[in-house]
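Written out below as structure tokens is the structure these notes cover.
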Amino acid sequence: MRKKKRMKRRPVPKLCDPGMCDHCTYAGEGDFLCDDYPGEAYVVVMSDWEPTENYLHCLRRHGAKGEVAKP
């Protein structure tokens, strides 16, 4: 008799969306802010409904994050 293969559960993909991520906040006019960024209070992850360079930064490894230009 054959052994049954165990099916691996796929993790739910993270999205920069307030419905999927607790750290994401809608700021109005298509802008989304994330409060889960080291050294910064808030980071814009979407601007005018378009992803920015910090979009899905929470999926990247902590040591591989790029520098964020400070205003």
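Worth saying up front: this structure is predicted, and the values here are computed from it rather than measured.
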**Message:** Tell me every residue that passes ring-ring contact (aromatic ring centres under 6.0 Å, His included) with Tyr26, counting only those two or more places apart in sequence or in another chain.
**Reply:**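 For Tyr26, the residues satisfying ring-ring contact (aromatic ring centres under 6.0 Å, His included) (neighbours in sequence not counted) are Phe32, Trp49.
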**Item:** Residue pair Glu29 / Asp48: nearest heavy atoms and the distance that separates them
**Value:**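 It is O-OD1, 3.3 Å.
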**Asked** Which pair of heavy atoms, one from Leu33 and one from Tyr42, lies closest together, and at what distance?
**Response**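 In terms of heavy atoms, the two residues are closest at CB-CD2, 4.1 Å.
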**Request:** Applying side-chain contact (heavy atoms from CB on, under 4.5 Å) between Cys34 and each of Asn54, Val45, Leu56, Thr25, report the one that passes.
**Result:**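 Exactly one pass, corresponding to Val45.
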**Request:** Can you sort out the partners of Ser47 under side-chain contact (heavy atoms from CB on, under 4.5 Å), two or more places apart, ordered by chain and number?
**Result:**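 For Ser47 the side-chain contact (heavy atoms from CB on, under 4.5 Å) partners, ignoring immediate neighbours, are Asp31, Val44, Thr52.
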**Request:** Could you identify which residues cluster with Met7, counting Ile, Leu, Val, Met, Phe, Trp and Tyr as linked when any side-chain heavy atoms lie under 4.5 Å apart, either directly or through a chain of such contacts?
**Result:**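 Cluster partners of Met7: none, it stands alone.
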